[in-house]
Amino acid sequence: VHADVIAIDGPAASGKSTVARRVAAALGRLYVDSGAVYRAVAWEVNRRGIDPRDARAVSAAAARISIATFAGGGAVRFKVGGIEPGDALRTEEVNAAVSPVAAVPAVRALVTGLLREMPRFGSLVVEGRDIGTAVFPEARAKFYLEASPEERARRRHAESRAAGLSVSAVRDSIGRRDRIDSSRTVAPLSVAPDATVIDTTALSIDEVTDRILKADGIRTLPRPDAGPAARER
Ligand code: CDP
């Protein structure tokens with residue numbers, strides 16, 4: 001059974017979110033922000049007063065977090081304890097907690113399980129760190145976006161999301177996450193052997209989106225409701 005997924009992976013502020021949303025809208029697919037689910041777990045860990053670096057306590061907490069997913073507004077969304085967290089997930093407190101929390105195997109199992117259930121909502125564009133390598137290794141198309149650390153810090157700083165931090169503080173913050181994300185034992189950030197790598201440093205959002213939409217076969221990928229691929233499912 002092949003899930004109908006386009007995977008877009010890459011490090012922080014490489015442009016994944018904006019590009020993935022646009023690709024999903026252009027292709028009539030649902031957008032999935034897997035990082036938001038990890039952020040929600042980190043937010044919940046903080047809210048419960050658990051030290052994000054205490055892997056045993058985080059593991060225990062993961063077993064008691066209930067996340068409900070649903071489709072709406074062109075995306076697969078989720079609620080934690082009945083609430084859609086929204087901008088609460090973008091604070092520096094969550095930024096600091098999320099990578100250590102996401103390195104805990106029980107957290108990865110929880111989120112990976114949720115993500116693997118999502119194709120029941122329809123065809124997806126899923127962005128993250130390990131989508132093409134670990135969550136959906138059978139994805140129909142895989143892209144890996146990268147950009148220089150300077151450019152990524154500049155972009156994140158330009159978003160109101162980095163409110164209050166200097167460019168160099170933003171650079172340090174995303175550098176710390178990159179290091180943890182790339183070195184963890186389970187499903188580290190890495191390039192899938194069959195991914196198309198796009199260096200976005202000198203490209204606009206439109207140019208990156210265009211490259212993906214023009215990639216071989218992207219517009220003609222078998223859809224669950226059409227053709228032999230549907231019967232294969
Ligand atoms: O938006 P930004 O690039 O800053 O990060 P994000 O996509 O919201 O992801 C936040 C964090 O979640 C990452 O730094 C990883 O620690 C974790 N993550 C992960 O481990 N695996 C994924 N598939 C997605 C995110």
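As the structure lists them, so they are numbered: ligands from 1, and atoms in each ligand from 1. Starting from 1, each residue takes its place in the sequence as its number.
- Residue contacts with ligand 1: Asp130 is placed with a nitrogen or oxygen under 3.5 Å of a nitrogen or oxygen of the ligand (distance criterion only).
- Transitive grouping of hydrophobic side chains (ILVMFWY, heavy atoms separated by less than 4.5 Å) keeps Leu124 and Tyr31 in distinct clusters.
- Distances below 4.0 Å separate heavy atoms of Val98 from the following atoms of ligand 1: 11 (C), 12 (O).
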(message) Using side-chain contact (heavy atoms from CB on, under 4.5 Å), reason through Val5 and Val32 one step at a time and then give a plain yes or no.
(response) CA-CA 10 Å; Val5 169; Val32 179; over 6 Å; no
Expected list for residues 68-81: side-chain donor-acceptor pairs under 3.5 angstrom, two or more places apart:
unit_1, atom_1, unit_2, atom_2, d
Arg77, NE, Glu84, OE2, 3.0
Arg77, NH1, Gly72, O, 3.3
Arg77, NH2, Glu84, OE1, 3.0

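- With hydrogens and angles disregarded, no donor-acceptor distance shorter than 3.5 Å links the side chain of Arg90 to the backbone of Asp87.
- Of all the heavy atoms of Arg176, none lies under 4.0 Å from any atom of ligand 1, so neither backbone nor side chain is involved.
- Put simply, Val101 and Ile174 are part of two different groups of oily side chains (I, L, V, M, F, W, Y) that touch within less than 4.5 Å, one to the next.
- For Ala12, heavy-atom contacts with ligand 1 shorter than 4.0 Å involve the backbone as well as the side chain.
- Here's the thing with Tyr38: none of its N/O atoms is less than 3.5 angstrom from an N/O atom of ligand 1.
- Set against the non-hydrogen atoms of Gly128, the atoms of ligand 1 under 4.0 Å away are 23 (N), 24 (C).
- Interface of Arg90 with ligand 1, defined as ligand atoms under 4.0 Å from a residue heavy atom, comprises 1 (O), 8 (O).
- Here the shortest heavy-atom distance to atom 20 (O) of ligand 1, taken over Arg129, Arg39, Lys16, Arg108, belongs to Arg108.
- Within the 4.0 Å heavy-atom criterion, the part of Ala13 lying near ligand 1 is the backbone and not the side chain.
- When non-hydrogen atoms are compared, ligand 1 lies under 4.0 Å from the side chain of Arg184 (C-beta onward) but not from its backbone.
- Residues Thr200 and Arg155 bring a donor and an acceptor atom of their side chains to less than 3.5 Å of each other.
- Using a 4.0 Å cut-off to heavy atoms of Ala102, the atoms of ligand 1 that qualify are 16 (O), 17 (C), 20 (O).
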Please table the atom pairs, donor to acceptor, closer than 3.5 Å between any side-chain atom in residues 182-199 and protein atoms at least two apart or in another chain.
unit_1, atom_1, unit_2, atom_2, d
Ser182, OG, Asp178, O, 2.7
Ser183, OG, Arg179, O, 2.7
Arg184, NE, Val186, O, 3.1
Arg184, NE, Ala187, O, 3.0
Arg184, NH2, Ala187, O, 2.8
Asp194, OD1, Lys142, NZ, 3.1
Asp194, OD2, Lys142, NZ, 3.3
Asp199, OD1, Thr201, N, 2.9
Asp199, OD1, Thr201, OG1, 2.6

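- Residues Phe136 and Tyr144 are members of separate hydrophobic clusters, defined by side-chain heavy-atom contacts under 4.5 angstrom among Ile, Leu, Val, Met, Phe, Trp and Tyr.
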